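The structure appears right after this line, and notes come after that.
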Amino acid sequence: DPLNPGAHHYLIHLNESNGKIPAANVHAENFVKASPSTSHAQHMYGHILPQLGRWTEAADVFLKAHNVHLNEFKTEGIQPHEDWHFAHNVDLLISTLIYLDRIEDAAKLTGNLCADEKSIETCLTAVHVQIGTGNLSTAENLMDHRLKGYRNHPFFVSLKILIALARKDFAKAETLV
């Protein structure tokens, strides 16, 4: 079956891992054709595009996958922390936006990522973007209120170190290390 989504998904990973990006792209395009309304099909297509230098298109595709995810959460009653692909897609979307120097878009996207305290991965991404865009107070607020249960998590500590370094508080950074 030329539009078997599972086969195309497998062949994307196989070709990508072997450096055959044009072939992976063909399968990514077919995966989207076979499953246009699934977030993961969109995500996998976006995954290939930067490797072809198509960063702007990748941002659009990752955003489409993000919106499909949000719709799936509403219609299927799934929470963001129950689908690890959501955090992975958000990470790639934000990274792509930052690569394209769309810092404000990346910062806006992080606004709701900490709404569900169980979604530590997406919230840590949001905090990292806030630090990177110079919004240190917002980053600390998210950490103090949304991630308070994760104070001993290695990423929590590393983000605190980044904030201290951004504030040029080297003594505090050294204490945290």
Side-chain angles (χ1 to χ4, degrees), residues 1-116 118-133 135 139 153-155 158-159 162:
D1 178 5
L3 289 180
N4 181 309
H8 287 296
H9 184 223
Y10 173 78
L11 290 168
I12 293 165
H13 286 292
L14 179 68
N15 283 292
E16 182 182 26
S17 66
N18 287 307
K20 298 177 181 176
I21 305 308
N25 185 57
V26 169
H27 291 292
E29 289 172 346
N30 286 327
F31 190 19
V32 169
K33 287 177 191 171
S35 302
S37 61
T38 62
S39 57
H40 197 61
Q42 299 298 327
H43 165 81
M44 289 304 298
Y45 184 43
H47 214 273
I48 299 302
L49 293 171
Q51 298 176 73
L52 296 169
R54 295 162 58 186
W55 288 90
T56 301
E57 190 178 353
D60 294 341
V61 172
F62 287 136
L63 184 58
K64 185 174 182 179
H66 179 72
N67 290 329
V68 171
H69 262 125
L70 296 177
N71 187 53
E72 288 170 348
F73 295 151
K74 287 179 190 172
T75 60
E76 298 175 23
I78 299 170
Q79 297 298 311
H81 70 273
E82 296 174 317
D83 181 358
W84 73 268
H85 289 106
F86 177 69
H88 176 57
N89 188 73
V90 166
D91 185 46
L92 290 177
L93 171 57
I94 289 172
S95 297
T96 302
L97 291 171
I98 291 170
Y99 177 84
L100 293 169
D101 202 29
R102 291 172 53 186
I103 306 301
E104 290 300 316
D105 291 337
K108 286 178 193 172
L109 184 64
T110 64
N112 295 320
L113 293 180
C114 291
D116 178 3
K118 294 180 182 177
S119 298
I120 184 172
E121 295 88 358
T122 56
C123 196
L124 288 169
T125 298
V127 170
H128 198 215
V129 170
Q130 294 300 329
I131 294 169
T133 56
N135 299 318
H153 191 286
F155 288 120
S158 67
L159 290 171
L162 283 176

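Everything numeric in this text was worked out from a predicted model, so none of it was measured. Each residue takes its place number in the sequence, starting with 1.
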Please tabulate, for the side chains in residues 91-101, all donor-acceptor contacts under 3.5 angstrom to protein atoms that are two or more places apart in sequence or on a different chain.
| unit_1 | atom_1 | unit_2 | atom_2 | d |
| --- | --- | --- | --- | --- |
| S95 | OG | D91 | O | 2.8 |
| T96 | OG1 | L92 | O | 2.7 |

On the 0 to 90° scale, with breaks at 30° and 60°, tag the H40-H43 ring pair as parallel, tilted or perpendicular. parallel
Across all chains, not counting sequence neighbours, the side chain to side chain contact (heavy atoms under 4.5 Å, CB included) partners of H27 are H8, L11, I12, N15
Quick one, N30 with K33, criterion side-chain contact (heavy atoms from CB on, under 4.5 Å). Give me CA distance, side-chain angles, the key distance, then yes/no. CA-CA 5 Å; N30 286 327; K33 287 177 191 171; 3.9 Å; yes
* Look at the side chain of S35 and the backbone N and O of V32, then say whether any donor-acceptor pair between them is shorter than 3.5 Å. => no
dist I48:CD1 -> E16:CD (nearest 0.5 Å) comes out at 4.0 Å
One should read off an interatomic distance between H47 NE2 and F31 CZ, to the nearest 0.5 angstrom, of 12.0 Å
Q. Do T56 and L49 pass the side-chain contact (heavy atoms from CB on, under 4.5 Å) test, and can you show the C-alpha distance, the side-chain angles, and the key distance before you say yes or no?
A. CA-CA 9 Å; T56 301; L49 293 171; over 6 Å; no
Between the main-chain N or O of P36 and the side-chain N or O of Q42, is there a donor-acceptor pair closer than 3.5 Å? yes
Taken in chain and number order and not counting sequence neighbours, the residues that satisfy side-chain hydrogen bond (donor to acceptor under 3.5 Å, both in side chains) with N71 are none
Rounded to the nearest 0.5 Å, the NE2 atom of H85 sits from the OG atom of S39 at a distance of 8.0 Å
Measuring centre to centre across the rings, with the benzene-like ring taken for any Trp, is H66 within less than 6.0 Å of H69? no
Residues N4 and G6: closest non-hydrogen pair is OD1-N, 2.9 Å
Here the gap from Y45 atom OH to R54 atom CZ, rounded to the nearest 0.5 Å, amounts to 4.0 Å
